[in-house]
**Student:** 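My structure is below; once you've seen it, I'll send some questions.
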Amino acid sequence: SPSSSTMSITNNDDSQHYYLESFLSTRLPELGLDYETYGPYVLGTDLLDEDEKYKRYQEEELQRQREEAHVQQQERLEQEIIVAKTSTTIVKEKRARKKWMSRNEH
């Protein structure tokens, strides 16, 4: 069994790691850095194997593609609204012109 001095060092390291982790989870975002990305590097806990790193990359890429598709869908919708408003305006103008012409012919 570990000696009491070894236990003390281990508990102290865990305690320091916890406080550093807590500090970084707040401070990194304040600096504009993502804790999930940079925290493990700073803490020295980036022990993911290559398969896990690739899986995480694929998930991030999929999320980026979804966000991009959503933005494109919003842009298309905005364009369709503009076209619909323009078409409505043109129809109203034609009706008004026709009405005006019919009044002025008599």
Side-chain angles (χ1 to χ4, degrees):
S1 90
S3 68
S4 62
S5 62
T6 305
M7 292 279 285
S8 173
I9 290 170
T10 304
N11 289 340
N12 191 30
D13 287 346
D14 289 344
S15 176
Q16 287 177 348
H17 181 80
Y18 170 78
Y19 287 112
L20 181 57
E21 194 174 56
S22 177
F23 170 76
L24 290 174
S25 69
T26 303
R27 187 65 179 133
L28 288 175
E30 289 173 353
L31 297 171
L33 301 172
D34 179 46
Y35 174 75
E36 295 296 322
T37 302
Y38 294 98
Y41 292 112
V42 176
L43 293 168
T45 58
D46 186 36
L47 303 175
L48 297 176
D49 64 6
E50 291 302 314
D51 289 338
E52 186 63 30
K53 286 180 183 179
Y54 184 68
K55 181 180 175 185
R56 184 179 286 177
Y57 166 78
Q58 287 179 318
E59 290 168 355
E60 290 169 355
E61 183 65 17
L62 180 61
Q63 182 62 28
R64 186 192 64 72
Q65 290 173 355
R66 285 179 181 152
E67 290 170 1
E68 188 176 295
H70 179 73
V71 168
Q72 290 173 349
Q73 184 180 15
Q74 286 296 109
E75 289 172 351
R76 280 194 302 272
L77 180 60
E78 289 171 7
Q79 281 299 116
E80 289 175 11
I81 289 170
I82 290 169
V83 167
K85 286 181 178 180
T86 303
S87 297
T88 302
T89 302
I90 291 171
V91 168
K92 286 179 180 178
E93 288 175 355
K94 284 182 179 179
R95 287 180 184 159
R97 194 175 310 124
K98 187 176 180 182
K99 190 174 183 180
W100 182 82
M101 289 180 75
S102 68
R103 285 186 195 159
N104 290 326
E105 287 180 358
H106 298 295

**Student:** Say you draw a straight line from OG of Ser22 to CZ of Arg27; how long is it, rounded to the nearest 0.5 Å?
**Tutor:**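 Result: 13.5 Å between the selected atoms.
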**Student:** Begin with the C-alpha distance, continue with both residues' side-chain angles, and end with the deciding distance and a verdict on side-chain contact (heavy atoms from CB on, under 4.5 Å) for Leu43 and Leu24.
**Tutor:** CA-CA 9 Å; Leu43 293 168; Leu24 290 174; 3.7 Å; yes
**Student:** Cut-off 3.5 Å, side chains only: do Gln63 and Glu67 have a donor facing an acceptor?
**Tutor:**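 On atom types as modelled, these side chains qualify, holding a pair under 3.5 Å.
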**Student:** Does Glu59 pair with Arg56 as a salt bridge, N-O distance under 4.0 Å?
**Tutor:**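 Salt bridge: no.
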**Student:** How long is the straight-line distance from CZ of Arg97 back to CD1 of Ile90, given to the nearest 0.5 Å?
**Tutor:** 9.5 Å
**Student:** Nearest 0.5 Å, what's the CD-CD distance between Gln72 and Gln65?
**Tutor:** 10.5 Å
**Student:** To the nearest 0.5 Å, what is the distance between CG on Leu20 and OG on Ser25?
**Tutor:** 9.5 Å
**Student:** Is there side-chain contact between Glu93 and Thr89, with at least one heavy-atom pair below 4.5 Å?
**Tutor:** yes
**Student:** Quick one: salt bridge (Lys or Arg N to Asp or Glu O under 4.0 Å) partners of Glu68, sequence neighbours excluded?
**Tutor:** Arg64
**Student:** List the atom of Pro40, the atom of Thr37, and the distance in Å for their closest heavy-atom pair.
**Tutor:** CD-O, 3.8 Å
**Student:** Run Gln73 and Arg76 through side-chain contact (heavy atoms from CB on, under 4.5 Å) and show every step you take.
**Tutor:** CA-CA 5 Å; Gln73 184 180 15; Arg76 280 194 302 272; 4.0 Å; yes
**Student:** Taking the side chain as every heavy atom from C-beta outward, state whether Trp100 and Arg95 have any atom pair closer than 4.5 Å.
**Tutor:**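 A side-chain contact is absent here, since even the closest heavy-atom pair is not under 4.5 Å.
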**Student:** Nearest 0.5 Å, please: how far is CG in Leu33 from OH in Tyr38?
**Tutor:** 5.5 Å
**Student:** Using side chain to side chain contact (heavy atoms under 4.5 Å, CB included) as the criterion, point out the one residue from Thr88, Val83, Ile81 that pairs with Lys85.
**Tutor:**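 Of all the options given, the one that passes is Ile81.
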**Student:** Return the OG1 to CG distance between Thr26 and Leu31, rounded to the nearest 0.5 Å.
**Tutor:**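 The distance works out to 11.0 Å.
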